[in-house]
2 protein chains.
Amino acid sequence: MLKITRKVEYALIALRHMQSKDVDELTSAKEIANQYGIPQQLLAKTLQQMARDNILEAVQGPAGGYRILAKLDRISLKDFFEKLEGPLGMMDCYFDSDCIQIGACNIRTPIQRINDNMRNMFAQMTLQEVTQ
Amino acid sequence: MLKITRKVEYALIALRHMQSKDVDELTSAKEIANQYGIPQQLLAKTLQQMARDNILEAVQGPAGGYRILAKLDRISLKDFFEKLEGPLGMMDCYFDSDCIQIGACNIRTPIQRINDNMRNMFAQMTLQEVTQ
DNA sequence: AATATATACGACATTATTAATCGTATATAG
DNA sequence: CTATATACGATTAATAATGTCGTATATATT
Ligand code: FES
Ligand code: FES
């Protein structure tokens, strides 16, 4: 439990890889996939999603690829996680209130407190710190 | 991602339920399962595990059940989670070092830093705070 | 002693989620 | 025109979480 997904892992690997390059140099999904042993298509989809989220810029065609578009020190880890994986809740009923026992439940409030702590922690770390 | 398991959720519900009772009063798995709509057998196994971990005391036979044994203000959420679900790592390779790309990986150190933050956060909260 | 009810626990089955692949379309450098 | 790259929905595979079953043991009650 409390694991991050491979998607996020791959995204971080890719960002860190690009960070170590010249700012407007392009990196293809293939290059990263090969270097780190990541399934290329899966990585590509993740990079595409990051492009939709304006974290990366994509350039099509041969010699195309991706480069970092956003200011990584302006994006919190919380926002990054939520962009990729949706709302961050330790339990499903943190957001959805269609939980069967929403009435009987005796831990909803305490869990929300823990969850707030967690979200707060991730809100205070930037992508820059992780990938620099 | 970053979800807690139902096992942990059920354990917290059970603890909170018992906390609201007299200290040496016994509570059966059945009682809790019925009241909160939890699968009885699954809950029972979780309570048994907590008994093995000396968080609860179990009493067999009819009119048996469980009661809180440990001082909940002495058990951190981190220890509680790890008792129930094993080592707390956001990625598998935080503990196991049999990761394929342990050499090539460029995010191992940063991820460990995030993970340390998370473990630290859970180490600073006690079970008491959650279930009181 | 017999019975009913509770814990104890390994093995199995089911379900949900995550991870990976496939197929097809579009863009563009050479 | 061709090779190579992104774009992306649909599908399958793999893994992990969740739930159930079967059986054993303890013990209060009758
Ligand atoms: S389990 Fe859904 S509200 Fe508590
Ligand atoms: S992915 Fe395993 S060490 Fe980074």
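To find a chain, count down the sequence lines: A is the first, B the second, and so on, and within it residues start at 1. Worth saying up front: this structure is predicted, and the values here are computed from it rather than measured. Just so it is clear, the values below take in all heavy atoms, side chains as well, and ignore hydrogens, waters and symmetry mates.
- Closest-nucleotide positions on DNA chain D for A:P62 and A:A58 were compared, and the one nearer the 5' end corresponds to A:P62.
- Residues A:F80 and A:I55 form a side-chain contact, since some pair of their non-hydrogen atoms from C-beta on lies under 4.5 Å apart.
- Around NZ of A:K21, the count of heavy atoms belonging to other residues, nucleotides or ligands within 6.0 Å exceeds 12.
- Rounding to whole angstrom units, NZ of residue A:K7 and P of D:dC8 are separated by 13 Å.
- Judged by closest nucleotide on DNA chain D, A:T27 is the one of B:I4 and A:T27 placed further toward the 5' end.
- Along DNA chain C, the nucleotide nearest B:A44 and the nucleotide nearest A:T5 are compared for position; the residue whose nucleotide lies closer to the 5' end is B:A44.
- In this structure, A:A29 reaches the sugar-phosphate backbone alone: every heavy-atom distance under 4.0 Å involves primed, P, OP1 or OP2 atoms, never a base.
- When all heavy atoms of A:I4 and B:M1 are compared, the closest pair comes out as CA-SD, 3.8 Å.
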Which donor-acceptor pairs under 3.5 Å do the side chains of residues 62-74 of chain A make with protein atoms, sequence neighbours left out?
residue: A:R67; atom: NE; partner: A:E57; partner atom: OE1; Å: 3.2
residue: A:R67; atom: NH1; partner: A:D24; partner atom: O; Å: 2.5

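- For the residue pair B:E85 and B:T5, a side-chain donor N or O sits within less than 3.5 Å of a side-chain acceptor on the partner.
- Counting to the nearest Å, the C1' atom of D:dG9 and the CD atom of A:Q48 are 11 Å from each other.
- Listed by first and then second residue, the side-chain hydrogen bond (donor to acceptor under 3.5 Å, both in side chains) pairs involving residues 39-52 of chain B are B:K7-B:Q49 (not counting sequence neighbours).
- The distance from atom CG of A:L47 to atom P of D:dT4 is 20 Å, rounded to the nearest whole Å.
- Between A:L42 atom CG and D:dT12 atom C1' the separation is 14 Å, expressed in whole Å.
- The nearest whole Å value for the distance from the NZ atom in A:K3 to the C1' atom in D:dT15 is 12 Å.
- Rounded to an integer number of Å, the gap from CD1 of B:I38 to P of D:dT20 is 12 Å.
- Each of B:H17, B:E9, B:R16, B:E31 was evaluated against B:Y36; a single residue qualifies, B:H17, per the side chain to side chain donor-acceptor pair (under 3.5 Å) test.
- For D:dA17, neither phosphate oxygen OP1 nor OP2 lies less than 4.0 angstrom from any side-chain nitrogen or oxygen of B:Y10.
- Scanning DNA chain C 5' to 3' for nucleotides with an atom closer than 4.0 angstrom to a non-hydrogen atom of chain B gives a first and last hit of C:dA4 to C:dT18.
- If you measure from atom CD of B:E85 to atom C1' of D:dT18, you get 11 Å, rounded to the nearest angstrom.
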